[in-house]
Amino acid sequence: MSAASWFAVRKDPPPRRASALLVLSFVAPLLAWSVISYVPFIWHPLVEVQQVGSVDYFTTGMLVPRETFLAENAKVAAAGGALAYGVPKNPIYLPAPHEVARALVTAFATPPRLPTEPWLHQSLWHSLQVIFWGFVLSSLFGVPIGILCGAMPSVSRFTEPFIEFFRYLPAPAFGALAVAVLGIYDAPKVMIIVIGTFFQQVLVVANTTRKLDLSLVEAAQTLGATPRKLLLRVVVPGVIVDLYTDMRVLLGWAWTYLIVAELVGTTSGITYFINQQARYRNYDNVYAAILIIGVIGLAGDLLLARIGRALFPWQREHRAFFSLGMGSRGHSQTAATEQPLTSAV
């Protein structure tokens, strides 16, 4: 098996190899994490005290830097006292995989420390609502404006220069202003997600719309299509599949703004849970919450991919198990050009 077959350009690997790479993409990071956690001589900069010996300030279970542990034992040995005993340990902020796996269950079952604090499932549901409304509001305006920018150069010249300028402004910078205008609860959080995704959305959708085969537009104009019919019956149907893929990508972009958005005003949602668990030094719960966000995002994208295959059955199926991001782009455009123009116009 040659190396060229593994790194072939624009050529799908055989099904078996594709499945192996899929499994390896998750196993490799887990294996690296396990090596760092379980193999003592890889890192483990701390020592967990098992027996305190003659060291006055050591306590059982105490974590101390390895250099400090060795220095204290050297002093005790010089004085003829009993040596302390400990085992190599990683810092508390890097729990082992089995501890995080256990936290994935216990975090849902363990009640919050204070009656006013939400359960984990309540925090997640709160965050999902913020993501949903932020992305819906962004798409409600971003998609139509993006299509108009991509289809009509005059609209593009009028709107895109300002959008290009505004997209470089960091969305979190508007947090204080959003709180002043919208209050301290969920509205400013939704607005941060809107600001973070809207301007990118317009540009991405406009770029996708410009990729429509120009011959389709010219043929429709020859058949007498008005600008309105040209837009609704040629442009939108011609790019709808790629637009759907763009929305999946942009939804992931919205998730990246969630943590920052939930810090605006009153901290809430999964961000509040993560901050509280870090304050209590329950870092296994912190990692568990972060993993849950990834699982929800990935599951949502796979669900949207399945829905997309049902909505657009003419799209050529991409053979990869995870057709994430831009995986199936390029195929839908061909399918769109095969539709008869007479029925579109």
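- In this structure, the separation between CG on Asn275 and CG on Leu263 is 6.0 Å, given to the nearest 0.5 Å.
- Here Gln277 pairs with Asn282, Asn285 under the side chain to side chain donor-acceptor pair (under 3.5 Å) rule; sequence neighbours left out.
- Within the 4.5 Å cutoff, no side-chain heavy atoms of Asp301 are placed close to those of Val249.
- Listed by first then second residue, pairs satisfying ring pair (Phe, Tyr, Trp, His ring centres under 6.0 Å) with a partner in residues 279-303 number zero, not counting sequence neighbours.
- When the shell of 6.0 Å around CH2 of Trp125 is examined, it contains 12 or fewer heavy atoms from other residues, nucleotides or ligands.
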- Using the side-chain contact (heavy atoms from CB on, under 4.5 Å) rule, take Asp242 and Lys211 through it: C-alpha gap first, then chi angles, then the decisive distance, then the call. CA-CA 10 Å; Asp242 284 349; Lys211 293 179 181 179; 5.7 Å; no
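- Under a 3.5 Å cut-off, the side chain of Asn90 and the backbone N or O of Ile36 do form a donor-acceptor pair.
- Expressed to the nearest 0.5 Å, how far CG of Leu251 lies from CD1 of Ile131 amounts to 7.0 Å.
- With hydrophobic clusters built from ILVMFWY side chains whose heavy atoms lie under 4.5 angstrom apart, Tyr257 does not share a cluster with Tyr168.
- Under the side chain to side chain contact (heavy atoms under 4.5 Å, CB included) criterion, Pro144 pairs with no residue, sequence neighbours left out.
- Applying the side chain to side chain donor-acceptor pair (under 3.5 Å) criterion to Arg279, with sequence neighbours excluded, gives Gln276.
- Side-chain atoms of Pro91 and Pro45, non-hydrogen and from C-beta on, do get closer than 4.5 Å to each other.
- Applying the side chain to side chain donor-acceptor pair (under 3.5 Å) rule to His44 yields no partners; only residues at least two apart in sequence or on another chain are considered.
- At distances below 3.5 Å, not a single donor-acceptor pair connects side-chain atoms of Thr271 with backbone N or O atoms of Glu262.
- In this structure, Val286 is not a member of the same hydrophobic cluster as Val105, with clusters built from ILVMFWY side-chain heavy atoms closer than 4.5 Å.
- Thr208 and Asp246 share a side-chain donor-acceptor pair at under 3.5 Å.
- Contact annotation: the side chain of Gln221 approaches that of Val217 to within less than 4.5 Å [non-hydrogen atoms, C-beta and beyond].
- Ser54 contributes a side-chain N or O that, together with a main-chain N or O of Ala82, makes up a donor-acceptor pair within less than 3.5 Å.
- Of all heavy-atom pairs between Ala84 and Val55, the closest is CB-CG2, 4.3 Å.
- Leu216 and Leu232 fall into different hydrophobic clusters, where Ile, Leu, Val, Met, Phe, Trp and Tyr residues are linked whenever their side-chain heavy atoms come under 4.5 Å apart, directly or through other members.
- The structure places CD1 of Ile240 at 7.0 Å from CD1 of Ile147, a figure rounded to the nearest 0.5 Å.
- In this structure, Phe141 places its CZ atom where only 12 or fewer heavy-atom neighbours from other residues, nucleotides or ligands lie under 6.0 Å away.
- Pairing each heavy atom of Phe69 with each of Gly86, the nearest pair is CZ-N, 3.5 Å.
- Annotation: Arg66, atom CZ; neighbour count of heavy atoms from other residues, nucleotides and ligands within 6.0 Å is above 12.
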I'd like a table of donor-acceptor pairs (distance under 3.5 Å, sequence neighbours excluded) in which one partner is a side-chain atom from residues 148-161, with atom names and distances.
residue : atom : partner : partner atom : Å
Ser156  : OG   : Glu160  : OE2          : 2.7
Ser156  : OG   : Arg210  : NH2          : 3.0
Thr159  : OG1  : Val155  : O            : 2.9
Glu160  : OE2  : Arg210  : NH2          : 2.1

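- The side-chain heavy atoms of Leu243 and Val205, taken from C-beta on, include a pair separated by under 4.5 Å.
- Both Leu128 and Phe135 are part of a single hydrophobic cluster, where members link through side-chain heavy atoms under 4.5 Å apart.
- Within the 4.5 Å cutoff, the side chain of Met62 has no heavy atoms near those of the Val52 side chain.
- Partners of Thr209 according to the side chain to side chain donor-acceptor pair (under 3.5 Å) rule, which considers only residues two or more places apart in sequence or in another chain, do not exist here.
- Residues Val181 and Phe174 fail the side-chain proximity criterion, which asks for heavy atoms closer than 4.5 Å.
- How far CD1 of Ile274 is from OG of Ser123: 9.5 Å, rounded to the nearest 0.5 Å.
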Mind listing the side-chain donor-acceptor pairs of residues 182-199 below 3.5 Å, one per line with the distance, residues two or more places apart or on another chain?
residue : atom : partner : partner atom : Å
Asp186  : OD1  : His126  : NE2          : 2.8
Asp186  : OD2  : His126  : NE2          : 3.0
Lys189  : NZ   : Val264  : O            : 2.5
Lys189  : NZ   : Thr266  : O            : 2.4
Thr197  : OG1  : Ser138  : OG           : 3.0
Thr197  : OG1  : Ile193  : O            : 2.7

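- The two residues Pro13 and Arg17 come nearest to each other via the heavy atoms CB-CD, 4.1 Å.
- With rounding to the nearest 0.5 Å, the separation of CG in Leu304 from CZ in Arg306 is 12.0 Å.
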Using residues 288-296 as the side-chain source, report each donor-acceptor pair under 3.5 Å to any protein atom, sequence neighbours left out, with the distance given to one decimal.
none

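- Residue Trp119 qualifies as enclosed at atom CH2: its count of foreign heavy atoms under 6.0 Å is above 12.
- Under the 4.5 Å side-chain criterion, counting only non-hydrogen atoms from C-beta, Gln201 is not in contact with Trp253.
- Taking a 6.0 Å sphere around CH2 of Trp33, one finds it holds more than 12 heavy atoms contributed by other residues, nucleotides or ligands.
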- Assess whether side-chain contact (heavy atoms from CB on, under 4.5 Å) is satisfied between Met247 and Val143, documenting all intermediate values. CA-CA 9 Å; Met247 300 306 288; Val143 172; 3.7 Å; yes
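- Hydrophobic clustering of Ile, Leu, Val, Met, Phe, Trp and Tyr side chains at less than 4.5 Å, counting indirect connections, keeps Leu169 apart from Val260.
- Remark: Phe162 engages Phe166 in a ring pair (Phe, Tyr, Trp, His ring centres under 6.0 Å) (not counting sequence neighbours).
- Applying the ring pair (Phe, Tyr, Trp, His ring centres under 6.0 Å) test to pairs two or more places apart or on separate chains, none has a residue in residues 202-230.
- Between Val87 and Tyr85, the closest side-chain pair of non-hydrogen atoms falls below 4.5 Å.
- By the ring pair (Phe, Tyr, Trp, His ring centres under 6.0 Å) test, Tyr272 pairs with no residue at all, sequence neighbours left out.
- Here OG1 of Thr59 is found 10.5 Å from OH of Tyr57. Values are rounded to the nearest 0.5 Å.
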